[in-house]
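Heavy atoms only: backbone and side chains are in, while hydrogens, waters and symmetry mates are out. The sequence lines fix the lettering, A, B, ..., with proteins before strands; numbering per chain opens at 1.
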Number of protein chains: 2
Amino acid sequence: MSLEQEIKQTKPFKSNYEKTLVNIMFTNNWIHFKQNKYLKKFDISIQQYNVLRILNGQKDQPITINEIIDRMLDKMSNASRLVDKLFAKGYVSRDQKVGNRRACDVKITPKGKSFLEEVTKSINGIEKDMNKLNDAEFEELNSLLDKLRN
Amino acid sequence: MSLEQEIKQTKPFKSNYEKTLVNIMFTNNWIHFKQNKYLKKFDISIQQYNVLRILNGQKDQPITINEIIDRMLDKMSNASRLVDKLFAKGYVSRDQKVGNRRACDVKITPKGKSFLEEVTKSINGIEKDMNKLNDAEFEELNSLLDKLRN
DNA sequence: GCTAAATAAATGTATTTACATATATTACAA
DNA sequence: TTGTAATATATGTAAATACATTTATTTAGC
């Protein structure tokens, strides 16, 4: 189904540029909705899941709150409180950084690691909803998005 | 700058598919941030702006709350309360629908129309941040996104 | 050393989101 | 008709978001 049909738009978009804006927002919501469906049963939000993935990507090296913000997709949300939530669940550790008492070292715990593995296994289910493009097309889509943002 | 650099990701993505997911979310946040910058000075949220655009697209035909939801990019948010906000600002009218007392007719007001014109004029400023693709590339991007969601 | 500026994180808060539930009205079936 | 289901919207709410502000610590200039 075309985007126009999907949002029941009667008149066509003024330009391909304008359609792209709406298309990206709509597709993002489409992904968000699907991801959320999988994450809900693990009682974790998408933001929390993403922070956990960032920490997991650091292997055994701790990173600070500011470094987490740098790596987050959505810079605006509150990394400090997201870490709080993950800490309360036992998925991350948080210690004062040696040499800089303002900063803190955040690290994924073994419990967090195995939790993340489980969640990731489940969330890969959306992959079957997204096998409509082949690898070359995914690559092309990526390079167009990269170019768009420059 | 590549997406990997942008989010300071050290290890490469496992697949182009996985990168696409992150890329769409990141690009959406990038757009959201830019739009928000323009909308803030008009004291209106992106969701409210989008509802106003939907109503404007209906010309002089009123539509119901459910029809607005159908046309919204983000189906989950509360159309009823968004209309409330716009009504309080005098940008829309809301009357009981004749023939169905459950439903209501929502329509953009002249005040809403001229407000929307002003906002749209301003928000088109982001276009200059997004002229990195030519028309054919926007079209290609659109068809890839459409195909992705199928 | 002392003070001002800069930095890192935490906290406050108004608004928005993501639902679940309630209320009102209409449609349908026995 | 008389209850039952369906529909349209409104309301309640816990949590998350989008900031602004505060606190604590470090750095730099004098």
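Rounded to whole angstrom, the span from the CG atom of A:Leu86 across to the P atom of C:dA9 amounts to 16 Å. For A:Asn50 and D:dT17, the CG to P distance is 10 Å, given to the nearest whole Å. Rounded to whole Å, the distance from CE on B:Met72 to P on C:dT16 is 13 Å. The interatomic distance linking A:Arg94 (CZ) with C:dA9 (P) rounds to 11 Å, in whole Å. Distance CG (A:Asn29) to P (C:dT16): 17 Å, rounded to an integer number of Å. Rounded to a whole Å, the CG atom of A:Asp43 is 14 Å from the C1' atom of C:dC19. Whole-Å rounding puts the A:Arg81 CZ to C:dT13 P distance at 11 Å. At whole-Å resolution of the value, CD1 in A:Ile44 and C1' in D:dA14 are 18 Å apart.
Listed for the A:Asn36 side chain is no donor-acceptor partner under 3.5 Å among the backbone atoms of A:His32. Put simply, the side chain of B:Gln61 never gets that close to the backbone of B:Gln58: no donor and acceptor are under 3.5 Å apart.
Between C:dA8, D:dT9, D:dA16, one nucleotide has an atom nearer to the side chain of A:Ala103 than all others, and that is C:dA8. Candidate nucleotides C:dA9, D:dA16, C:dG12 were compared by shortest atom distance to the side chain of A:Ser45, and D:dA16 ranks first.
Look at B:Gln47 and you'll find a side-chain N or O under 4.0 angstrom from OP1 or OP2 of C:dT17. Under 4.0 angstrom from either OP1 or OP2 of C:dC19 there lies at least one side-chain N or O belonging to A:Asn36. Look at A:Ser80 and you'll find a side-chain N or O under 4.0 angstrom from OP1 or OP2 of C:dA10. Between B:Asn66 and D:dT9 there is a side-chain polar atom (N or O) within less than 4.0 angstrom of OP1 or OP2. A close approach under 4.0 Å does not occur between any side-chain nitrogen or oxygen of A:Lys85 and OP1 or OP2 of D:dA15.
Checked options A:Ile65, A:Leu52, A:Asn78; the residue passing with A:Val83 is A:Ile65 (criterion: side chain to side chain contact (heavy atoms under 4.5 Å, CB included)).
With hydrogens and angles left out, the side-chain atoms of A:Arg149 and B:Asn23 include a donor and acceptor closer than 3.5 Å.
Summary of the strand contacts: A:Asp84 and A:Asn100 both lie near DNA chain C, and taking for each the nucleotide with the nearest heavy atom, the more 5' one is attributed to A:Asn100. Heavy-atom nearest nucleotides on DNA chain D were determined for B:Arg102 and for B:Lys40, and the one closer to the 5' end corresponds to B:Arg102. Map B:Ile65 and A:Gly99 each onto its nearest nucleotide of DNA chain D; the residue landing nearer the 5' end is B:Ile65.
Side-chain atoms of A:Asn78 come within donor-acceptor range of the base of C:dT11, with a qualifying N/O pair under 3.5 Å. One cannot find a donor-acceptor pair under 3.5 Å joining the base of C:dT25 and the side-chain atoms of B:Arg101.
Backbone-only contact: A:Gln48 has heavy atoms under 4.0 Å from sugar-phosphate atoms and none from a base. No engagement by B:Gln96 is indicated, since no non-hydrogen atom pair under 4.0 Å with the nucleic acid exists.
For the atom pair CG (B:Asn28) and CE (B:Met25), the distance works out to 10.0 Å, reported to the nearest 0.5 Å.
By the 30° and 60° cut-offs, the orientation of the rings of B:Tyr91 relative to B:Phe115 is parallel.
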